[in-house]
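Heads up, the thing below is written out as structure tokens.
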Protein chains: 2
Amino acid sequence: MSFPNPRHDHGRCVSGALKTAENKSRALGLRFTKTRRKVLEILWQSHSPLGAYDILDRLQEDGRRPAPMVVYRALDFLMEAGLAHRLSSRNAFIGCSAPDDHHEAQFLICDQCGSAAEVEARPIAKAVEETAASAGFRVQHRVVEITGICPNCQN
Amino acid sequence: MSFPNPRHDHGRCVSGALKTAENKSRALGLRFTKTRRKVLEILWQSHSPLGAYDILDRLQEDGRRPAPMVVYRALDFLMEAGLAHRLSSRNAFIGCSAPDDHHEAQFLICDQCGSAAEVEARPIAKAVEETAASAGFRVQHRVVEITGICPNCQN
DNA sequence: CACCAAAGTGTTATGATATAACAAAACATA
DNA sequence: TATGTTTTGTTATATCATAACACTTTGGTG
């Protein structure tokens with residue numbers, strides 16, 4: 001789907017993502033606790049990837065600021081569960097927009113507005129596999145993060 | 001070229017890389033100073049990507065330990081000049097193995113031995129361009145880092 | 001229900017990575 | 001050698017992430 005229209009109903013994205021996460025957690029026997037839910041909600045509310053300490057700042061609004069561990073633990077859970085991703089090139093985190101399938105995601109990250117789009121590009125995945133295979137390399141994880149200017153910012 | 005034979009003459013790699021860097025710097029009117037040279041040498045001497053503070057430790061051997069800025073500045077220069085790369089997924093740095101052309105590099109990084117191979121895979125580059133184009137995204141930088149097990153470690 | 005084990009949370013402390021700012025030195029060149 | 005520019009040295013601080021341990025909640029079992 002790539003970059004969303006800036007005027008879409010984002011509230012629905014958020015509540016949909018939370019609902020999906022709840023279902024997925026239940027299905028896998030995982031505990032989708034209050035903190036984890038809140039962190040995922042914060043991730044989805046943002047239009048761009050958030051640093052762990054940004055998330056902390058936003059948690060703070062509901063009382064006093066928790067220790068960093070709180071956020072990192074929640075993020076670890078969310079990533080384990082396939083509900084969020086880490087963007088290595090930014091030290092930032094983003095809600096997974098396709099938590100249903102076990103996918104290999106790539107990201108387009110806008111240098112101007114900071115927004116990021118998760119894409120699942122089969123040709124990239126395929127090229128990566130083939131390159132690795134021809135080097136005799138056994139793939140475990142893939143980091144593909146493309147920065148540039150998103151369509152919304154090109155005007 | 002991918003992963004080198006563990007028993008190759010690495011000293012020659014290092015001196016070759018330094019020579020090339022010197023030539024390239026001269027050609028571009030850049031100053032390949034002592035610190036910059038030393039940092040590049042340290043990068044090349046290592047078989048795996050090094051963190052900035054690892055580099056600091058190794059600089060220390062020639063006297064007392066410089067401040068982190070010293071290394072980060074040298075690394076900035078080397079990356080600007082196309083003589084080194086940063087591996088975002090590791091917060092680590094590595095000498096560029098193809099400093100001649102203006103290339104778009106991808107990396108295969110071994111989780112076991114820590115070594116990293118710079119590859120220039122046209123199919124990956126092409127797939128990235130096409131994916132971006134079809135999303136209306138204007139590409140500036142690409143981070144492609146694949147982790148797994150290298151051929152040397154599969155035995 | 002009462003208990004226990006496992007999972008999750010709170011908190012303090014610390015480690016690891018990276019940059020800001022400014023003075024001093026080295027260099028290029030006129 | 002006088003001049004402006006680049007590079008280095010140094011101090012301080014910002015930013016990102018994890019270790020360790022006590023306490024609480026949860027969910028299952030006798």
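To find a chain, count down the sequence lines: A is the first, B the second, and so on, and within it residues start at 1. Scope of the values below: all heavy atoms of this structure, side chains included, with no hydrogens, waters or symmetry mates.
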Geometric cation-pi criterion, A:R36 with A:F77: 6.0 Å, 45°: yes

5' priority, DNA chain D, between A:D54 and A:R31 [closest heavy atom]: A:D54

Letter per nucleotide, 5' to 3', of nucleotides 17-22 of chain D [B base touched, S only sugar-phosphate touched, - untouched; heavy atoms, 4.0 Å]: BBBB--

Side-chain hydrophobic cluster, 4.5 Å single linkage: members besides B:V70: none

Atom-pair distance (CG on A:L56; C1' on D:dT15), nearest Å: 12 Å

Donor-acceptor side-chain pairing of A:E145 and A:S89 below 3.5 angstrom: yes

For B:H10, ring pair (Phe, Tyr, Trp, His ring centres under 6.0 Å) partners two or more places apart: B:H8, B:H47

Under the side chain to side chain contact (heavy atoms under 4.5 Å, CB included) test, residues paired with B:S46 that sit two or more places apart: B:S48, B:L50, B:R58

Residues that B:A125 engages under side chain to side chain contact (heavy atoms under 4.5 Å, CB included), provided they are two or more places apart: B:E104, B:Q106, B:R122

Any donor-acceptor N/O pair, A:E118 side chain to A:H85 backbone, under 3.5 Å: no

Nucleotides bounding contact with chain B, strand DNA chain C, heavy-atom threshold 4.0 Å: C:dT17 to C:dC27

Below 4.0 Å: OP1/OP2 of D:dT10 and any side-chain N or O of B:R64: yes

Touch class at under 4.0 angstrom, heavy-atom based, for B:R36 against every strand present: sugar-phosphate

d(CG, B:L75; C1', D:dT8) in whole Å: 15 Å

Approximate separation, where rounding is to 0.5 Å, of B:I149 CD1 and B:D111 CG: 5.5 Å

